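Following: one structure in structure tokens, then a few remarks.
Per chain, numbering begins at 1; letters A, B, ... match sequence-line order. Only a predicted model underlies this, so the values are computations on that prediction, with no experimental measurement involved. Any value given below was found using the heavy atoms of this structure, including those in side chains, with hydrogens, waters and symmetry copies removed.
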4 protein chains.
Amino acid sequence: MAGVNKVILLGNLGADPEVKHLEGDKVVANLRLATTESYKDRSGNRVENTEWHDLELWDGQARVAEQYLKKGSQIYVEGKIKSDTWQDDQGNNRKRTKIRVQSFTMLGSRNSGADNAQGGGQSMPAQNSNPNTGMSSNTSPAYDSGDNDADDLPF
Amino acid sequence: MAGVNKVILLGNLGADPEVKHLEGDKVVANLRLATTESYKDRSGNRVENTEWHDLELWDGQARVAEQYLKKGSQIYVEGKIKSDTWQDDQGNNRKRTKIRVQSFTMLGSRNSGADNAQGGGQSMPAQNSNPNTGMSSNTSPAYDSGDNDADDLPF
Amino acid sequence: MAGVNKVILLGNLGADPEVKHLEGDKVVANLRLATTESYKDRSGNRVENTEWHDLELWDGQARVAEQYLKKGSQIYVEGKIKSDTWQDDQGNNRKRTKIRVQSFTMLGSRNSGADNAQGGGQSMPAQNSNPNTGMSSNTSPAYDSGDNDADDLPF
Amino acid sequence: MAGVNKVILLGNLGADPEVKHLEGDKVVANLRLATTESYKDRSGNRVENTEWHDLELWDGQARVAEQYLKKGSQIYVEGKIKSDTWQDDQGNNRKRTKIRVQSFTMLGSRNSGADNAQGGGQSMPAQNSNPNTGMSSNTSPAYDSGDNDADDLPF
DNA sequence: TTTT
DNA sequence: TTTT
């Protein structure tokens, strides 16, 4: 039966992307994403709780991540849960869970990455400050991979 | 910064719920949920891919799960990713990821396993095996826990 | 700035799909989907609240909808909100909101309404009753359109 | 049957919140939210498409919105679709769709409008620039309303 | 280990 | 290890 396996995350990168260029033009990027929830406990003290997620991006998305994301970047992510299972040396069953990213959007996490001048004097969100290559619009695009890992960069 | 950590799953239980009644009226239920995606590979053959998820429910939700869910039940789930980390005997860092369920809805996996033909004593569940009086009301309720683990059964 | 506009619905069709075959091989299907929430009011009475959604599907998805969905079908939908605005005869600004479907999955609303084939006394969800072309597996596939309205049927 | 009716939006406010304080301590805020998607058409030109959403928040959330949001604010929203239907003067059936907000999170839309702190004409997001009233943590909280419209401010 |  |  057809199921649904969907993950939505919004958080910040704990480190620069780790990118591997594989044979055959394949590229994979691994990101560490922190999602922090904050609430008040019964004593009224604000408590923070951070969950760390391992993200995996392929090809076109991996290239965008490599180019524009870095430690501290704030992103919105859609993906799905994928786990690897194997046996370790002791013969124990092991499992590791990661998020296979299907699309992501860079948010304004303030010089997210780049040492890039906030560019022009534009007034609006300045979502991201990527050197958006001479576009009058400095939108922050979303990067979508069909499930087919579109290889082309979106701009 | 406030983040988002949201999981949406729709699938079937691989086994009956495992429920533990703890001291202080706390209850926890663990479920194994399969989400299956199916697609055609480039040769045109249909391929199925199943991901298994460990779900954790508390208190009111755990009680509902205990009472109405069983192996084969089809449910829709919203929750968040939570991982436990620890060191194993060899001193290796270990991590285990599960889904903390925030709400779930029973779908029509119609007497999913159950011998519960329209019948039993329960008033509700099982989407469309309810003695639904052929009526406008054939509801299958959703079980929501605030993040506060409401202890009361929803009906 | 790159935004997010995402809708997730799970409900039942209020009527058979309305399908229009346009020139140039384009097809559009309009569906009426009911999502019902049910809760107890403060008096402890169960209350039902139904919201009706206008769904729009194109091309490949529209064809699948035409072929397999009907009044009563239970589906899971992902899409986005799209509204049309215009001026009516009196010069008033008008707005109509619909859901542009990006993917959907047929759930087991077991001969949902239909006097549909598969007939017999099958015990299970009958997920969908598609004559799934000689596959041993008659899984209920999800229909995904990139945003590109893939024209091909998924099986 | 229990359905799902969920909306996820991430965008910017087109105007300051419109807030009405009603009798009995009830408060309602209406927001106009823009979600922009940007893509390249087949000629390779980047195209922007903006959808405007009418959001409705109640009580605690409305108060937070009144205090911290303004034109330009970037927020992440979870809610559900709700439509009002009525007959107009000509006896035509009319329908208006809005998003009933269940939770929202302020993102860094960088002095989103505000002349708030963080001083001058700083260029970037500044995640939240709310005068977070003497908290050691000045995280950007998420505002959640059970469906019960919690009346209390979250901090 | 589910479901189709 | 992020962010505020």
Side-chain angles (χ1 to χ4, degrees), chain A residues 1-4 9-18 31-38 46 48-55 69-75 85 107-113, chain B residues 1-4 9-18 30-38 46 48-55 69-75 85 107-110 112-113, chain C residues 105-108 110 118 122-130 132 135-142 155, chain D residues 105-108 117-118 125-132 135-142 155:
Chain A
M1 108 85 189
V4 173
L9 303 173
L10 195 163
N12 298 277
L13 299 190
D16 290 348
E18 289 185 11
L31 310 180
R32 290 281 287 163
L33 184 78
T35 56
T36 302
E37 65 178 328
S38 126
R46 185 149 292 280
E48 284 206 5
N49 211 337
T50 294
E51 181 73 27
W52 287 97
H53 309 269
D54 292 311
L55 311 186
L69 300 183
K70 52 177 32 173
K71 182 172 172 172
S73 294
Q74 184 182 222
I75 58 175
T85 53
L107 301 179
S109 180
R110 194 264 301 282
N111 28 344
S112 313
Chain B
M1 108 84 188
V4 173
L9 303 173
L10 196 163
N12 297 276
L13 298 190
D16 289 349
E18 289 185 11
N30 289 282
L31 310 180
R32 289 281 287 164
L33 184 77
T35 56
T36 301
E37 64 177 330
S38 127
R46 185 148 293 282
E48 284 207 4
N49 211 338
T50 295
E51 180 73 27
W52 287 97
H53 309 270
D54 293 311
L55 311 186
L69 300 183
K70 49 179 31 176
K71 182 172 171 172
S73 294
Q74 184 182 221
I75 58 175
T85 53
L107 301 180
S109 181
R110 196 271 298 275
S112 314
Chain C
T105 297
M106 294 187 268
L107 302 179
R110 192 271 299 279
Q118 270 74 319
Q122 71 289 62
S123 32
M124 262 292 91
Q127 191 55 11
N128 66 313
S129 13
N130 36 356
N132 226 333
M135 314 215 51
S136 63
S137 129
N138 63 330
T139 48
S140 169
F155 44 58
Chain D
T105 298
M106 295 188 269
L107 302 179
Q118 270 72 316
Q127 191 56 8
N128 67 317
S129 13
N130 34 358
N132 227 335
M135 314 216 50
S136 62
S137 130
N138 63 329
T139 49
S140 167
F155 43 58

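- Regarding E51(B), its CD atom lies at a distance of 15 Å from the C1' atom of dT3(E), rounded to whole Å.
- Atom CG of L33(A) is separated from atom C1' of dT3(F) by 10 Å (rounded to the nearest Å).
- Atom CG of L10(A) is separated from atom OG1 of T105(D) by 7.5 Å, given to the nearest 0.5 angstrom.
- Straight-line distance from the NZ atom of K70(A) to the P atom of dT3(F): 12 Å, rounded to whole Å.
- Per the geometry, CZ belonging to R46(A) stands 11 Å off C1' belonging to dT4(F), to the nearest Å.
- L31(A) has its CG atom 15 Å from the P atom of dT3(F), to the nearest Å.
- D54(A) pairs by the side-chain hydrogen bond (donor to acceptor under 3.5 Å, both in side chains) definition with R32(A), not counting sequence neighbours.
- At whole-Å resolution of the value, CG in N49(A) and P in dT2(F) are 16 Å apart.
- Atom CG of L10(B) and atom P of dT2(E) are 18 Å apart (whole Å).
- Counting to the nearest Å, the C1' atom of dT2(F) and the CG atom of N12(A) are 5 Å from each other.
- In this structure a side-chain-to-backbone donor-acceptor pair under 3.5 Å is present from D16(B) to K71(B).
- Checked against dT2(F), dT2(E), dT4(F), the side chain of E48(A) finds its nearest nucleotide in dT4(F).
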